[in-house]
There are 2 protein chains.
Amino acid sequence: MASTKPDPYVKLGEFIKRQRELGQLSIRQLAEMCGVSNPYLSQIERGLRIPSSMILQSLAKGLRLSAETLYAQAGIMDPQESEESDVVKSIMRDPDISARQREMLIDMYRSFRKVNEAEAAS
Amino acid sequence: MASTKPDPYVKLGEFIKRQRELGQLSIRQLAEMCGVSNPYLSQIERGLRIPSSMILQSLAKGLRLSAETLYAQAGIMDPQESEESDVVKSIMRDPDISARQREMLIDMYRSFRKVNEAEAAS
DNA sequence: TCGTACCGCTAACTATTGCAAGCATTCACG
DNA sequence: CGTGAATGCTTGCAATAGTTAGCGGTACGA
């Protein structure tokens, strides 16, 4: 048996790690937020362990992501075409908030993106 | 340990079983289609075992369901989550902003909704 | 009445998840 | 220097996911 390591899960781990670092959290912090042990989270991030559906759900909750997104990252689910501008599009489509409020949300979203980009470059 | 059996998973098993019977498939048939052993599928259906995310995905494929549906059945996915607005869902799907930023956007969006609702009532 | 083929399930085993404890390193401060 | 606190990682170990082998039961044709 060469690799019992279904490579998609390595990508999942890397994705989780990126998300954690984006939020400036240590492994222990995120682990506690998600209710998993810190060594285990470390192993997940490096693709050494494959989290169960329950754990994955906890991680999604902790990262404020939909579980769907995590599965998509793991290549488990169909890609689902998660475009970045989906956020903007769906904000613009929402009839239950005002134009002004839409504008504020969109501005905020865009500034987040911009800030993150700048930080990534440094 | 008393509750080694998070009973949402019992419901998941029953759901799978109903789906299988609806398709007039035997346990062995579905098991082979999904690439799992037949005793194991039997155990899943009775809630004695909790399938990993990989297996669950295979089952979804075999039953021609979206994995999301299975997760919803298992109560793994926040029921709330599936009723969220498109805005919240797409924010939660966005991998390019941090958890904290997602939280801020979602909070803001919700408070907009709340304010609007209050104003509409007056 | 055999023999075969299917059904679902049990038993016993292996493989993997997920944890508690603890190591090595780094940085801050007295 | 020390000492304390934070970082990520390694190491066993318990629990449980998932397997192969096989049992008892039912249906059907020879």
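Below, chains carry the letters A, B, ... as their sequence lines are ordered, and counting in each starts from 1.
Computed from coordinates, the A:L12 CG to C:dT17 C1' distance equals 15 Å when rounded to whole Å. Taking atom CD1 of B:I55 as the reference point, atom C1' of C:dA15 lies 13 Å away to the nearest angstrom. Atom-to-atom, CG of A:N38 to P of D:dA6 comes out at 13 Å; the value is rounded to the nearest Å. The interatomic distance linking B:R46 (CZ) with C:dG8 (C1') rounds to 8 Å, in whole Å. In this structure, A:Y40 atom OH and D:dC9 atom C1' are separated by 16 Å, rounded to whole Å. Atom pair A:I27:CD1 and D:dG8:C1' shows a separation of 5 Å (rounding to whole Å applied). Put simply, CD on A:Q43 is 9 Å from C1' on D:dC9, counting in whole angstrom units. Regarding B:Q29, its CD atom lies at a distance of 13 Å from the C1' atom of C:dG8, rounded to whole Å.
A salt bridge between B:R20 and B:E45 is present, with a side-chain N of the basic residue lying under 4.0 Å from a carboxylate O of the acidic one.
When side chains are defined from C-beta on, A:C34 does not count as touching A:K61, because their heavy atoms never get closer than 4.5 Å. Residues B:R100 and B:E103 have side chains in contact (heavy-atom distance under 4.5 Å, counting atoms from C-beta outward).
Look at B:S52 and you'll find a side-chain N or O under 4.0 angstrom from OP1 or OP2 of D:dG18. Taking only side-chain nitrogens and oxygens, A:R49 never comes nearer than 4.0 Å to OP1 or OP2 of D:dC9. Listed pair A:S26 / D:dA6 fails the phosphate criterion, with no side-chain N or O lying under 4.0 Å from OP1 or OP2.
The closest side-chain donor-acceptor pair between A:Q101 and B:N116 falls under 3.5 angstrom.
Using a distance-only test at 3.5 Å, with no hydrogens or angles considered, no donor-acceptor pair links the side chain of A:R113 to the main chain of A:Y109. Checked by atom type and distance alone, the side chain of B:Q29 pairs as donor or acceptor with a backbone atom of B:S26 at under 3.5 Å.
Side-chain proximity of B:R28 to the nucleotides C:dG18, D:dG22, D:dA17 is greatest for D:dG22. Distances from the side chain of A:P39 to the nucleotides C:dC19, C:dA21, C:dC9 place C:dA21 closest.
Heavy atoms of B:S37 sit under 4.0 angstrom from at least one base atom.
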Using Watson-Crick and G-U wobble pairs whose two distances are both under 3.5 Å, how do you write the pairing of DNA chain D as dot-bracket, with | for links to another strand? ||||||||||||||||||||||||||||||
How far apart are the C-alpha atoms of B:R102 and B:S98, what are their side-chain angles, what is the distance that settles it, and do they pass the side chain to side chain donor-acceptor pair (under 3.5 Å) test? CA-CA 6 Å; B:R102 272 192 292 274; B:S98 75; over 6 Å; no
